[in-house]
Amino acid sequence: MIFKDAPWMTEELSILGDATRKFFQAELVPHVERYHAEKQVDRALWEKAGEYGILAASIPEEFGGAGGDLGHESVIFAELGYTGDMSFGLFVHNIAIHYVLAYGTEEQKQRWLPKLASGELIAGIAMTEPGTGSDLQAVRTTAVLDGEDYVINGSKIFISNGQIGNFFILVVKTDASQGAKGISLLGVETDGLEGFRRGKNLDKVGMTGQDTSELFFDDMRVPAANLLGDIEGQGFGQLMNQLAWERLMLAIVGVGVSHKAIEETVTYVRERKAFGKSIIEFQNSRYKLAECKAKLELLQAYVEKCIGKIIRNELTADEASIAKLTGSEIQGEIIDQCVQLHGGYGYMREYLVARMYADARVQRIYGGTSEIMKELISRSLI
Ligand SMILES: Cc1cc2nc3c(=O)[nH]c(=O)nc-3n(C[C@H](O)[C@H](O)[C@H](O)COP(=O)(O)OP(=O)(O)OC[C@H]3O[C@@H](n4cnc5c(N)ncnc54)[C@H](O)[C@@H]3O)c2cc1C
């Protein structure tokens, strides 16, 4: 149990953590090799996770969820990290759920949340475009009102769950003459949707079991009733308000992954021998692992503090950015060291630590790059 000493930990959360670990061990871990070969997970994994309540931890019970809060989700994401495998695109599904929860009309919540909870809808969040990533207000996908529908033209890139997903929170310009003020969010169900097209499953350095795609929209018609919130032009503010949880979530996953990396490495250096003794008997190996543990303990203490604050709705943008920045940087440092202690085997994808190494690199890029995190943190200083 990863956050067992956290001040916000309860018996209920502890039971959830244990059950989630068992779920992932039974339903995810045995299949990861196939997921990596097929470059995406099975839809059945989503449905099982839905039955288990993992997709809907913080969806209120009236909408088919488990009625928990971000403490429940934090425990689940730490356990997902602890699998050491990033094939299951639960992060973006969860992010999309929070948009519907926070900004959806009553009708939209009734329509979408039960299906997002069961896995009938698998969600993604489509912000990034070929021409813009960090600078979100420069998106060029347009949504023009025509009768009862928006007509959407444009494209998105690097969209997680882009192959398997059938519901996307789409970032569009409802007023192309404006920057941030012209941005709106639409919920888009894609099954049978004319004008919607997926590009190929992109060939990534890591996270190879998770699908990432381009999406294309050619005169794609979406009901105007799918606008999140009732008023156009609120999308940028809506995005900014959700970023604290998205960024903290990535740090939480980083904590889980780092625990797994250290454990795997301790096991390996106990067994592997050189110069007539186990690798762990070299003082350097023990000191390097001690450094990893010390860094992880410090990171975890900060992340636990942030989780406590977000449960109380007190987490600030700069605190979330610090968690994302340090979480992704420390995760990278720890896994790099773990690869080193595995020697050549640490560079072979057959070994979990090698896959973790490739997966960890993107943590510093998506969800806001490390540079953007520093920019945001610096604003709290001046
Ligand atoms: C595996 C993967 C999954 C992803 N999943 C999704 C998804 O589901 N949905 C989605 O919408 N997007 C997704 N993304 C996109 C991701 O969020 C963007 O790649 C990221 O935000 C960076 O944008 P960019 O690639 O356009 O880089 P750019 O914005 O072009 O940045 C290039 C470099 O310039 C730096 N830079 C930019 N602006 C500044 C500045 N103001 N100050 C200092 N440095 C700056 C950046 O830090 C970076 O180092 C995913 C990306 C990957 C790789």
Side-chain angles (χ1 to χ4, degrees), residues 12-13 15-16 19-20 23-24 27-28 40-77 79-80 88-126 148-150 159-171 184-193 196 210-211 215 220-230 234-235 238-239 241-242 245-246 249 311:
E12 184 201 338
L13 291 180
I15 291 167
L16 175 67
T20 306
F23 175 82
F24 286 139
E27 304 295 347
L28 171 65
Q40 73 180 60
V41 304
D42 295 334
R43 183 160 262 281
L45 174 64
W46 285 94
E47 284 156 9
K48 281 180 190 156
E51 280 164 27
Y52 220 75
I54 284 174
L55 302 182
S58 67
I59 295 181
E61 288 173 27
E62 57 181 305
F63 299 118
D69 61 22
L70 292 178
H72 296 74
E73 294 194 348
S74 298
V75 164
I76 290 171
F77 280 105
E79 290 303 329
L80 182 60
F88 189 31
L90 187 58
F91 335 91
V92 283
H93 184 81
N94 183 272
I95 290 169
I97 282 176
H98 280 278
Y99 281 103
V100 177
L101 265 179
Y103 311 118
T105 60
E106 189 61 24
E107 185 276 325
Q108 288 169 345
K109 290 183 194 174
Q110 297 281 2
R111 188 150 46 109
W112 292 325
L113 288 176
K115 291 181 183 171
L116 289 163
S118 68
E120 188 179 335
L121 288 180
I122 299 174
I125 166 100
E148 298 287 294
D149 295 332
Y150 281 107
I159 305 308
S160 305
N161 294 341
Q163 295 287 314
I164 200 169
N166 54 356
F167 178 78
F168 293 92
I169 301 293
L170 189 59
V171 179
S184 301
L185 305 184
L186 292 169
V188 180
E189 289 179 72
T190 59
D191 287 343
L193 183 61
F196 173 75
Q210 190 184 129
D211 49 313
L215 305 177
M220 180 177 90
R221 295 187 84 91
V222 170
N226 287 18
L227 180 72
L228 276 195
D230 280 334
Q234 294 186 325
Q238 292 170 335
L239 288 164
N241 286 337
Q242 291 300 313
W245 167 240
E246 293 168 28
M249 179 204 293
I311 291 171

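Residues Phe196 and Leu215 meet the side-chain proximity criterion, which asks for heavy atoms closer than 4.5 Å. Here the side chains of Leu116 and Leu55 are not in contact, with every heavy-atom distance at 4.5 Å or above. Looking only at side-chain heavy atoms (C-beta outward), Ile169 and Leu228 come within less than 4.5 Å of each other. You'll find the side chain of Val188 reaches within 4.5 Å of the side chain of Leu193, heavy atoms only. Between Gln210 and Val41 the shortest side-chain heavy-atom distance does not fall below 4.5 Å. Side-chain atoms of Asn94 and Trp245, non-hydrogen and from C-beta on, do get closer than 4.5 Å to each other. By the 4.5 Å heavy-atom criterion applied to side chains, Leu13 and Ser74 are not counted as neighbours. Within the 4.5 Å cutoff, the side chain of Phe23 has heavy atoms near those of the Lys48 side chain.
One finds the CZ atom of Arg221 at 12.5 Å from the OH atom of Tyr150 (value rounded to the nearest 0.5 Å). Note that CD of Glu246 and CE of Met249 are 7.0 Å apart. Values are rounded to the nearest 0.5 Å. The CG atom of Leu80 lies 10.0 Å from the OG1 atom of Thr20; values are rounded to the nearest 0.5 Å. Rounded to the nearest 0.5 Å, atoms CD (Glu47) and CD (Glu120) are 8.5 Å apart. Within the model, atoms CZ of Arg43 and CD1 of Ile122 stand 3.5 Å from one another, a figure rounded to the nearest 0.5 Å. Rounding to the nearest 0.5 Å gives a distance of 10.0 Å between CG of Leu90 and CD1 of Ile95.
When all heavy atoms of Gln242 and Ala102 are compared, the closest pair comes out as NE2-CB, 3.5 Å. For the residue pair Asn161 and Gly89, the shortest heavy atom distance occurs at ND2-O, 3.0 Å. What you find for Gln163 and Gln40 is that their closest heavy atoms are CB-OE1, 3.4 Å. Taking each heavy atom of Phe91 and Phe88 in turn, the nearest pair found is CE1-O, 3.9 Å. Looking at every heavy atom in both residues, Ala117 comes nearest to Ile59 through CB-CD1, 4.0 Å. Residue Ala57 comes nearest to Ile76 through the heavy atom pair CB-CD1, 3.7 Å, listed as atom of the first residue, atom of the second, then distance.
With sequence neighbours excluded, the residues that form a ring pair (Phe, Tyr, Trp, His ring centres under 6.0 Å) with Trp112 are Phe167. With sequence neighbours excluded, no residue satisfies salt bridge (charged side-chain N to carboxylate O under 4.0 Å, His left out) with Asp69.
Neither side chain, Asn166 nor Glu189, offers a donor N or O lying under 3.5 Å from an acceptor on the other. No hydrogens or angles considered: a donor-acceptor pair under 3.5 Å links the side chains of His72 and Glu12.
Using bins of under 30°, 30° to 60° and over 60° for the plane-to-plane angle, the ring pair His93/Trp46 lands in the tilted bin.
The side-chain contact (heavy atoms from CB on, under 4.5 Å) test with Thr105 singles out one residue from Asn226, Leu227, Asp230, Val100, and that residue is Asp230.
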Is there a side chain to side chain contact (heavy atoms under 4.5 Å, CB included) between Gln108 and Arg111? Walk through the geometry before answering. CA-CA 5 Å; Gln108 288 169 345; Arg111 188 150 46 109; 4.1 Å; yes
Please step through side chain to side chain contact (heavy atoms under 4.5 Å, CB included) for the pair Met220 and Val222, ending with a clear verdict. CA-CA 7 Å; Met220 180 177 90; Val222 170; 4.0 Å; yes
Report the C-alpha distance between Ile125 and Phe168 in whole Å, list the side-chain angles of each, state the deciding distance to 0.1 Å, and finish with yes or no for side chain to side chain contact (heavy atoms under 4.5 Å, CB included). CA-CA 5 Å; Ile125 166 100; Phe168 293 92; over 6 Å; no
Would you please test Leu170 and Leu185 for side chain to side chain contact (heavy atoms under 4.5 Å, CB included) and show each step? CA-CA 6 Å; Leu170 189 59; Leu185 305 184; over 6 Å; no
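Within 6.0 Å of the CD atom in Glu148, the count of heavy atoms belonging to other residues, nucleotides or ligands does not exceed 12.
In this structure, Glu73 contributes its side chain and Ser58 its backbone to a donor-acceptor pair below 3.5 Å.
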